[in-house]
**Student:** 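One structure follows; several queries about it will come next.
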Amino acid sequence: MMRMEMQGHVYPPYLLKIDEDLAKKFLRSMGLESESENVPPTYLIFLRGEAHGVNLFTDLDIPRNRALHGGQKYEWFSPIQWDDSMEVTAKVVTITEKTTKSGPLWIADVEYDYTRAADGELVLRELTRIIKRS
């Protein structure tokens, strides 16, 4: 079972600074031009909050070897500049239990809001779905 009481939990915000060298390495790894005016929109996706206290696998009681990635959705509101710092807030929006032929599944939808620290503008909202099999 997933920790159902985590539904609605909002983690304390953490600050994330754009690392230009890492972002350019990210671009090159995808075969894209590493010189860009703006930070690539998908760069923030792989900067997870575990180092900042958002450890979803532990907090939701999901062993990594039992976790499935159920997808991600993104909503971009503004380009991200190289010198931007982001304040990131993660919230466990919903936890759902489903019965399947192979046993129960638990589905957690987690929303990340990336707000530009300098002006408080929401620049990116990410919804990540994590699935735990019994």
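Residues take their numbers from the sequence shown, with the count starting at 1.
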**Student:** If you take all heavy atoms of Val93 and Gln7, which pair is closest and at what distance?
**Tutor:**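 Heavy atoms only, the tightest pair is O-CG, 3.6 Å.
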**Student:** Taking Arg129 first and then Asp109, would you say they form a salt bridge - that is, a charged N and a carboxylate O separated by under 4.0 Å?
**Tutor:**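 So Arg129 pairs with Asp109 through a salt bridge.
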**Student:** Quick check: is Met4 connected to Val10 through a chain of hydrophobic side chains (ILVMFWY, heavy atoms under 4.5 Å apart)?
**Tutor:**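 No; Met4 is not reachable from Val10 via cluster members.
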**Student:** Which heavy atom in Phe77 sits nearest to a heavy atom in Leu122, and how many Å separate them?
**Tutor:** CB-O, 3.2 Å
**Student:** Side chains of Thr89 and Thr115, heavy atoms from C-beta outward: is any pair under 4.5 Å?
**Tutor:**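 The answer is no, as the side chains (C-beta and beyond) never meet within the 4.5 Å cut-off.
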**Student:** Minimum heavy-atom separation for Lys132 to Asp61, with atom names?
**Tutor:** NZ-O, 2.7 Å
**Student:** Quick test of your reading: applying salt bridge (charged side-chain N to carboxylate O under 4.0 Å, His left out), list the pairs with at least one residue in residues 74-87, sequence neighbours left out, ordered by first then second residue.
**Tutor:** Asp84-Arg116
**Student:** Would Ser102 and Arg133 satisfy side chain to side chain donor-acceptor pair (under 3.5 Å), going step by step from the backbone distance to the final call?
**Tutor:** CA-CA 9 Å; Ser102 63; Arg133 299 188 76 152; 2.9 Å; yes
**Student:** Who passes salt bridge (Lys or Arg N to Asp or Glu O under 4.0 Å) against Asp59, sequence neighbours left out?
**Tutor:** none
**Student:** Nearest heavy-atom pair of Val92 and Tyr11: which atoms, and what distance?
**Tutor:**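 Smallest heavy-atom distance, with atoms named: CG2-CE1, 4.3 Å.
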**Student:** Taking atom NZ of Lys91 and atom CG of Leu127, what is their separation to the nearest 0.5 Å?
**Tutor:** 11.5 Å
**Student:** Same cluster or not: Met1 versus Ile107, using hydrophobic residues (I, L, V, M, F, W, Y) connected whenever any side-chain heavy atoms lie under 4.5 Å apart?
**Tutor:** no
**Student:** Glu111: which residues meet the salt bridge (Lys or Arg N to Asp or Glu O under 4.0 Å) condition with it, sequence neighbours left out?
**Tutor:**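 Salt bridge (Lys or Arg N to Asp or Glu O under 4.0 Å) list for Glu111, sorted by chain: Arg125.
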**Student:** Would you call Thr99 and Pro104 a side-chain contact if the rule is heavy atoms closer than 4.5 Å?
**Tutor:** no
**Student:** Could you tell me the separation between the CZ atom of Arg3 and the CD1 atom of Ile62, rounded to the nearest 0.5 Å?
**Tutor:**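 Atom-to-atom, Arg3:CZ and Ile62:CD1 are 11.0 Å apart.
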**Student:** With side chain to side chain contact (heavy atoms under 4.5 Å, CB included) as the test, would you mind laying out the steps for Ile95 and Leu60 before giving the verdict?
**Tutor:** CA-CA 10 Å; Ile95 299 175; Leu60 294 172; 3.9 Å; yes
**Student:** I want to check something: taking the side chain as every heavy atom from C-beta on, are Val123 and Trp76 in contact at a cut-off of under 4.5 Å?
**Tutor:**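 They are not in contact (no side-chain heavy atoms under 4.5 Å apart), so the answer is no.
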**Student:** Hey, could you give me the CH2/CD distance between Trp106 and Glu97, rounded to the nearest 0.5 Å?
**Tutor:**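 Here the rounded value is 5.5 Å.
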**Student:** Please round to the nearest 0.5 Å and tell me the distance separating atom CD1 of Ile18 and atom OG of Ser85.
**Tutor:**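 It comes to 7.5 Å.
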**Student:** Hey, could you give me the CG/NE2 distance between Leu56 and His9, rounded to the nearest 0.5 Å?
**Tutor:** 9.0 Å
**Student:** Out of curiosity, does Phe57 fall in the hydrophobic cluster containing Leu105 (side-chain heavy atoms, cut-off under 4.5 Å, transitive links)?
**Tutor:**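 No, separate clusters.
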**Student:** Restricting to non-hydrogen atoms, name the atom on Gly70 and the atom on Ile131 that form the minimum distance, rounded to 0.1 Å.
**Tutor:**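 Taking every non-hydrogen atom into account, CA-CD1, 3.8 Å.
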**Student:** When clusters are formed by joining ILVMFWY residues with side-chain heavy atoms under 4.5 Å apart, either directly or through shared neighbours, do Trp82 and Leu124 land in the same one?
**Tutor:** yes
